[in-house]
Amino acid sequence: MKKSLVLALLLSGCATYGTETAQPRQVEESRNAAKTLATRLGGTLKAEIGRNGPASAVGVCKEIAPQIAASLSRETGGKVGRGGTRVRNPQTGTPDAWEAKALATFDTRMKQGETPDTMELAEVVAEPSGKYLRYAKAVAVQPQCLACHGPSDSIPEGVKARLQAEYPMDRAIGYQAGELRGAIVVKRPL
């Protein structure tokens, strides 16, 4: 029942929590913030891989991605970031409880045949510090992501060495193309 209510609200462009309704404009602003993060980070990664190879892209994800997210957070007045199904950087990629719920919802929807490119979730959530519009956009593993996130035996040695140096507790490998990698998340105060 709850899943069908959330799905119906997403299709209508609104999400609710109790009697509170997120306005379609708020959802669209969050959607745009997520798209901007994906575009900026994707462009930066592609350029770095083209210049210096995939091992160098590890530094982009560690250093530049959080800077892009922080800049976008300042621009939007919310908190923009990423959460992963398997965490590489515990400081920036560990999903909170709401994000973990969104990822579980995306996983269920994928098992039902939906593709990640169409999946998003938006809800108004009451937290101790106030009410927030929470938004998540599913992110799938793209073929070019496999150089850093694919099966261990297919990751180039230079990338493995860089990952081991930067992320000794890395769990974000072993993915296949098309699999759910995580979500871009936006948390906006209401």
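The shown structure was predicted, so the numbers you read here are calculated from the model rather than taken from an experiment.
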Would you call P116 and M110 a side-chain contact if the rule is heavy atoms closer than 4.5 Å?
-> yes

Please tabulate, one pair per line, all N/O donor-acceptor pairs under 3.5 Å involving side-chain atoms of residues 59-72, not counting sequence neighbours.
residue, atom, partner, partner atom, Å
K62, NZ, E166, OE1, 2.7
Q67, NE2, E63, O, 3.4
S71, OG, E75, OE2, 3.3

Tightest non-hydrogen contact, residues Y132 and S129, listed as OH-OG, 2.8 Å

Given the rule that I, L, V, M, F, W and Y join up when any side-chain heavy atoms are under 4.5 Å apart, are L121 and V125 in one cluster?
-> yes

Dump the intermediate steps for side-chain contact (heavy atoms from CB on, under 4.5 Å) on Y167 and V58, then the final yes or no.
-> CA-CA 10 Å; Y167 303 108; V58 173; 3.8 Å; yes

Check step by step if salt bridge (Lys or Arg N to Asp or Glu O under 4.0 Å) holds for E120 and K35.
-> CA-CA 12 Å; E120 63 180 356; K35 183 178 179 180; over 6 Å; no

Could you give me the CA-CA distance, side-chain angles and deciding distance for T44 and E48, then say whether side chain to side chain donor-acceptor pair (under 3.5 Å) is met?
-> CA-CA 6 Å; T44 303; E48 185 63 26; over 6 Å; no

Rounded to the nearest 0.5 angstrom, the CG-CG distance for L37 and N32 is 12.5 Å

Find out whether E99 and D96 are in side-chain contact, i.e. whether some heavy atom of one side chain is under 4.5 Å from a heavy atom of the other.
-> yes

Interatomic spacing from CZ in R171 to CG in N89 - rounded to 0.5 Å = 13.0 Å

Side-chain atoms of residues 146-156: list all donor-acceptor pairs with protein atoms under 3.5 Å, sequence neighbours left out, distances to 0.1 Å.
residue, atom, partner, partner atom, Å
H149, ND1, A172, O, 2.7
H149, NE2, R88, NH1, 3.4
S154, OG, P151, O, 2.9

Cluster link I173 to V87, ILVMFWY, side chain under 4.5 Å | no

Could you tell me whether a side-chain N or O of S30 sits under 3.5 Å from a main-chain N or O of Q26, the two making a donor and an acceptor?
-> yes

When rounded to the nearest 0.5 angstrom, what is the spacing between CD in E114 and OG1 in T105?
-> 11.0 Å

Decide yes or no for S56 and I49: does some side-chain heavy atom of the first lie under 4.5 Å from some side-chain heavy atom of the second?
-> no

Minimum heavy-atom distance Y135-A122, with the two atoms named = CD1-CB, 4.0 Å

Heavy-atom pair of closest approach, residues A34 and K137 = CB-CB, 4.2 Å

Can you list, pair by pair, the side-chain donor-acceptor contacts under 3.5 Å of residues 179-190, counting residues two or more places apart and other chains?
residue, atom, partner, partner atom, Å
E179, OE1, Q176, N, 2.9
E179, OE2, R86, NH2, 2.8
R181, NH1, R86, O, 3.0
R181, NH1, Y175, OH, 3.4
K187, NZ, E127, OE1, 2.7
R188, NH1, E29, OE1, 3.3
R188, NH2, E29, OE1, 2.9

With the threshold set at 4.0 Å, does a side-chain nitrogen-carboxylate oxygen contact exist between R31 and E28?
-> yes

NZ/NE/NH1/NH2 to OD/OE distance under 4.0 Å, R162 and D170 = no

Which atom of P95 lies closest to which atom of L103, heavy atoms considered = CG-CD1, 3.9 Å

Search all heavy atoms of A33 against all heavy atoms of T76 and return the closest pair with its distance.
-> CB-CG2, 4.0 Å

Should L45 and V80 be regarded as members of a common hydrophobic cluster, given that ILVMFWY residues are connected when their side-chain heavy atoms come within less than 4.5 Å of each other, either directly or indirectly?
-> yes

Which heavy atom of P168 sits nearest a heavy atom of A165, and at what distance?
-> CD-O, 4.3 Å

